[in-house]
Student: 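Input: one structure, supplied below.
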Amino acid sequence: MALQALVMDYAGVLTEGPELVELVRRVRAAGTPTALVTEANTVPDTCAAAFDLVVLGAALGVRKPDPELYRRVAARLGVPVTGCVVVDDHARNLRGARVAGAVVVHHHDDAMTIAEVAALFDLPA
């Protein structure tokens, strides 16, 4: 199945530097829906504006790492959860995403995450 959406965590991922927000913009500009899913109560407007959907805390009735959260986010984006790439820096959250059926990228550093996501979505260098 082709990958159809990008779901990103905020704290520990997008807080590391502007390169990852730019990656989200590139994915979105290629026509791929994007979602920011975070346990935070707020995120900076400049970051939120890069996404089609922003989910704060338990706004969808479930929290990370519950697999149902990723299913609900995918439904809101209009894609199957199996078509989602989920990027997070916590392994337990990625386990929940994987159980839901998503492809996962464990964020350790910006360069590796950018390379993995760009390859998964076949973005130009």
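Below, each value reflects all heavy atoms present in this structure, side chains not excepted, and no hydrogens, waters or symmetry copies.
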Student: Can you see which heavy atom on A5 is nearest to which on F121, and at what distance?
Tutor: O-CZ, 3.4 Å
Student: Is there a side-chain contact (heavy atoms from CB on, under 4.5 Å) between M8 and L14? Walk through the geometry before answering.
Tutor: CA-CA 8 Å; M8 300 280 287; L14 294 170; 3.7 Å; yes
Student: Only counting residues at least two apart or in another chain, list the ones meeting side-chain hydrogen bond (donor to acceptor under 3.5 Å, both in side chains) with R72.
Tutor: E68
Student: Can you name the one residue among V86, L36, V24 that meets side-chain contact (heavy atoms from CB on, under 4.5 Å) with L6?
Tutor: V24
Student: Can you tell me how far apart CG (L3) and SG (C84) are? Round to the nearest 0.5 Å.
Tutor: 9.0 Å
Student: Could you check whether atom CZ of R26 has more than 12 heavy atoms from other residues, nucleotides or ligands sitting under 6.0 Å from it?
Tutor: yes
Student: Do V37 and L20 belong to the same hydrophobic cluster, where Ile, Leu, Val, Met, Phe, Trp and Tyr are linked whenever their side-chain heavy atoms lie under 4.5 Å apart, directly or via other members?
Tutor: no
Student: Picking from L23, V105, V103, N93, what satisfies side-chain contact (heavy atoms from CB on, under 4.5 Å) with V87?
Tutor: V105
Student: With a 4.0 Å cut-off, would you call K64 and E39 a salt bridge?
Tutor: no
Student: Is any side-chain heavy atom of P80 less than 4.5 Å from a side-chain heavy atom of Q4?
Tutor: yes
Student: For residues 46-60, tabulate all N or O donor-acceptor pairs below 3.5 Å that involve a side-chain atom, not counting sequence neighbours.
Tutor:
{"from": "D52", "atom 1": "OD1", "to": "R28", "atom 2": "NE", "distance (Å)": "2.9"}
{"from": "D52", "atom 1": "OD1", "to": "R28", "atom 2": "NH2", "distance (Å)": "3.0"}
{"from": "D52", "atom 1": "OD2", "to": "T34", "atom 2": "N", "distance (Å)": "2.8"}
{"from": "D52", "atom 1": "OD2", "to": "T34", "atom 2": "OG1", "distance (Å)": "3.3"}

Student: If you group Ile, Leu, Val, Met, Phe, Trp and Tyr by side-chain heavy-atom gaps below 4.5 Å, do V62 and Y70 land in one group?
Tutor: yes
Student: Can you measure from CE (M112) to NE2 (H106) and round to the nearest 0.5 angstrom?
Tutor: 12.5 Å
Student: Just to verify, what does R25 make a side-chain hydrogen bond (donor to acceptor under 3.5 Å, both in side chains) with, not counting sequence neighbours?
Tutor: none
Student: Tell me whether V21 is reachable from V27 by hopping between hydrophobic residues (I, L, V, M, F, W, Y) whose side-chain heavy atoms are closer than 4.5 Å.
Tutor: yes
Student: H107 and side-chain contact (heavy atoms from CB on, under 4.5 Å): which partner among I114, V117, T113, D88?
Tutor: T113
Student: Hydrophobic clustering (ILVMFWY, side-chain heavy atoms < 4.5 Å, transitive) - are V13 and V7 grouped together?
Tutor: no
Student: Counting C-beta onward and ignoring hydrogens, is there a side-chain heavy-atom pair between V43 and T38 closer than 4.5 Å?
Tutor: yes
Student: At their closest point, which heavy atom of P67 faces which heavy atom of V99, and how far apart are they?
Tutor: CG-CG1, 3.7 Å
Student: Where do P44 and Y10 come nearest, in terms of heavy atoms and distance?
Tutor: CD-OH, 3.0 Å
Student: Which pair of heavy atoms, one from V81 and one from A100, lies closest together, and at what distance?
Tutor: CG1-O, 3.0 Å
